[in-house]
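Structure provided below as C-alpha cells; questions to follow.
Labels below follow one simple rule: chain letters A, B, ... track the order of the sequence lines, proteins then strands, and each chain is numbered from 1. Just so it is clear, the values below take in all heavy atoms, side chains as well, and ignore hydrogens, waters and symmetry mates.
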Amino acid sequence: MTTATSWLDIVRPNQAVSRSTMQIVIGVQVAVALLLWWLSPWAALPKPNEVFPAVAKLWLEQGLGPELVTSFWMNVQALAITAFISLGLAYLSVMPAVRPIVAAVAKGRFLGLSGLTFIFTLMVGGGRPLKLALLVFGMTVFFVTSMAAVVAAIPKSSFDHARSLRMSEWEVVWDVVVLGTLDQAIEVFRQNAAIGWMMLTMVEGISRSEGGVGAMLLNQNKHFHLAEVFGIQILILLVGLVQDYGIGVFKNAVCPWANLTLERR
Amino acid sequence: MGKSDAGAQVGMSANYEYTLEESILKVEDASLTLGENLILDKVSFEIRNITRPDSIAGQVVGLLGPSGIGKTQLFHLLAGLKQPTSGRVLIGDPGVPVKRGMVGVVAQHYPLFMHRSVLNNLLVAGARSGKPEAEYKQKAHNLLEQFRLLDRANHFPSQLSGGQRQRVAIAQQIMCSESFLLMDEPFSGLDLMALRKVQELIHGISTAHEFNTIIVVTHDITAALEVADTILLLGRNSDEQGRFIPGARIQAIYNLIERGLAWRKGISSTPAFVDCLAEIRDRFALL
C-alpha cells in the first residue's frame with residue numbers, strides 16, 4: 001500500500017489505520033481546534049492567553065487543587081456506591097421478583113435532580129450526605145438502565161450452555177451473567193464515571209458546603225469571570241480524560257478477551 | 001440396536017457380528033407442546049449398547065428431519081434442558097430420567113465461555129464432573145493433546161478458527177459428561193475438507209470407549225449416513241388430503257449395521273450406500 005493510499009484511508013469508511021497515523025490525526029485536530037480558539041471572533045470567548053493565567057491564579061491563590069481533589073473523591077465515592085447498588089440490582093434482575101424494581105429504578109432517569117433536592121435533604125440532611133445522595137441517585141438510574149439491558153440481552157443459548165455443564169442456576173448467574181458481562185459492566189461504569197463529573201458541578205451548586213470544583217465554577221460564573229470558568233472546565237475535562245483512560249486500561253487488563261474481535265481495537 | 005415403539009424399523013441381513021446389550025437411552029412416548037402447538041407427538045426410540053468381538057464399538061446415531069420439524073426441541077429433551085409435556089427420556093440401565101448435565105451438548109454455534117481461555121473452559125467443566133482436581137486437570141491436558149489444541153490452551157475462544165472452536169466445545173462437554181454427546185447440526189456450513197474432519201472427529205470419539213454414544217441432529221442426509229450406524233427419521237404424518245398432522249414423531253429407524261453400511265471406510269461409493277441414500281431421501285421428501 002502506498003503512503004498516499006494509507007493517508008486516504010483516514011477518510012474512507014471502516015478503515016484501520018496505524019497507531020502513529022492516528023496520533024498524527026489527533027495532533028492535527030487538536031492544533032486546529034486550538035488555532036480556531038485563538039482566532040475566534042467572539043469577544044466573549046476567552047482566549048488561551050487569558051485562560052491559562054486564570055487557571056494558574058485559581059490554582060495558586062484560590063485552592064483549585066484541593067477543590068478538585070474534594071470533587072474527585074466525592075465522585076469516586078458516589079461511583080463506588082452507585083456501582084454496588086446498580087450492579088446488584090442488574091444482576092438480581094435474573095429473578096422475576098426483582099425485575100419490576102429494576103424497571104422502576106430505571107424510570108427514575110426522567111426525574112430532575114433539582115426537584116428531588118428537598119426530599120433528599122429531609123431524608124439524609126444537608127451537606128456532603130445530600131450531595132452524595134443526589135449523585136448516587138443521578139448515576140444509579142442510568143447505570144441500572146444500561147446494565148439491566150446488558151443482562152437482558154444475554155441469549156438463551158449461553159444459559160443453556162452453562163446448564164449443560166451441570167452448573168446450578170446461581171453458578172450460571174455467576175459465570176454467564178456476572179463474569180460473562182464484566183467487560184460491558186466496566187464500560188457502563190466508565191460512561192457513568194463521566195456522567196458523574198457532569199452531575200457533580202450541578203450537585204455541588206445545589207449544596208455548596210465543602211466547596212468542590214462545582215461550587216467554584218458557579219462562583220466564577222456568578223461574577224462573570226469567563227476565563228476562570230473556561231479554565232475550570234478544561235481542567236475538569238483533563239481529569240475526566242485521565243480517569244477515562246485509566247478505566248480503559250483497567251478494562252483491557254481485566255478483560256483481555258473483550259476487544260479481540262473488534263475491527264477497531 | 002434401534003428398537004422402536006413407534007414407527008417402522010428398516011433392516012436387512014446381518015453383515016457383522018455384534019450383540020445388543022443394555023439400554024443406554026430410552027425415549028418413551030415423549031410429547032412436547034409449546035403454547036397450543038404440538039411439536040413432538042409420542043416420540044419413542046431406544047439406543048442400546050452394542051458390543052463387537054475384538055473391537056471398541058461406540059455408537060453414532062443420526063437424527064434426521066426437515067428444518068423446523070422439531071429436531072432442536074427433541075435435542076433439548078434429550079439433553080434434559082426441557083422436560084417433555086408427557087412421556088419421558090431415560091438414561092442408562094436401569095433408566096433414570098435425564099437431567100441437564102447427564103448428556104454432553106454441543107450446540108450449533110459451539111457456545112463457549114468467551115471470557116475464559118480454552119484451558120479454563122475445560123477446567124470449569126471438569127470441576128463439575130465430580131472428579132478430583134488432579135484427575136480432571138490431567139483429563140483436560142489429554143483432551144487438548146488429543147484434539148490438537150495444546151498450543152491454543154491459553155487462547156480465548158474468539159481467537160480460534162471454526163474447527164478449533166468446535167473441538168474445544170466437544171472437549172468441554174466430554175470433560176463433564178463422560179460418554180453421551182449430543183451434537184446439533186455439526187455439518188452445517190462446512191466445506192468438504194472440514195466436513196471430513198468433523199466426521200473423523202465424531203468417529204474417533206465414538207470408538208474411544210465402549211459406551212461412547214453420539215447423537216447427531218442434522219438435516220444433512222449424506223453426511224449423517226456416512227458417519228452413523230443408525231438413522232432416526234423425524235417427521236410428521238399426513239392426513240388423507242396430504243395435509244401435515246401437527247406433532248413430529250419417529251417415522252423410521254434405519255439400522256445401517258445390518259445393511260453393512262456402518263464401521264466401513266469409503267462407504268459412500270458403494271451401491272448399497274447410494275440405494276440407502278435414495279431411500280431415505282424419498283422418505284425425507286414426504287415429511
Please walk me through it: do B:Q138 and B:N142 pass side-chain hydrogen bond (donor to acceptor under 3.5 Å, both in side chains)? CA-CA 6 Å; B:Q138 184 58 47; B:N142 294 344; 3.0 Å; yes
Chain A heavy atoms under 4.5 Å from B:S129: which part of the residue, side chain, backbone, both or neither? backbone
Salt bridge (charged side-chain N to carboxylate O under 4.0 Å, His left out), that's the test. Do B:E135 and B:K137 meet it? Break it down for me. CA-CA 5 Å; B:E135 192 177 325; B:K137 277 186 174 173; over 6 Å; no
Do the two ring centres, one from B:H115 and one from B:F156, sit under 6.0 Å apart? no
Applying a strict 4.5 Å limit to non-hydrogen atoms, the region of A:A162 in contact with chain B is both
Below 4.5 Å from any heavy atom of chain A, which atoms of B:H109 appear? Answer side chain, backbone, both or neither. neither
Looking at B:E200 and B:K197, is there a salt bridge between them, counting it only when a charged N and a carboxylate O are closer than 4.0 Å? no
Do the side-chain N and O atoms of B:E46 and B:S23 include a donor-acceptor pair separated by under 3.5 angstrom? yes
Largest heavy-atom contact set with chain A, pairs under 4.5 Å, which of B:V103, B:L182, B:L112, B:V106: B:L112
Please tell me whether B:S206 and B:Q59 have a donor and an acceptor in their side chains that are separated by less than 3.5 angstrom. no
Sort B:Q108 into side chain, backbone, both or neither according to what part of it lies under 4.5 angstrom from a heavy atom of chain A. neither
Does any backbone or side-chain atom of A:T181 lie under 4.5 Å from a heavy atom of chain B? Answer side chain, backbone, both or neither. neither
Under a 4.5 Å cutoff for heavy-atom pairs, which residue among A:P155, A:S157, A:G180 has the most contacts with chain B? A:G180
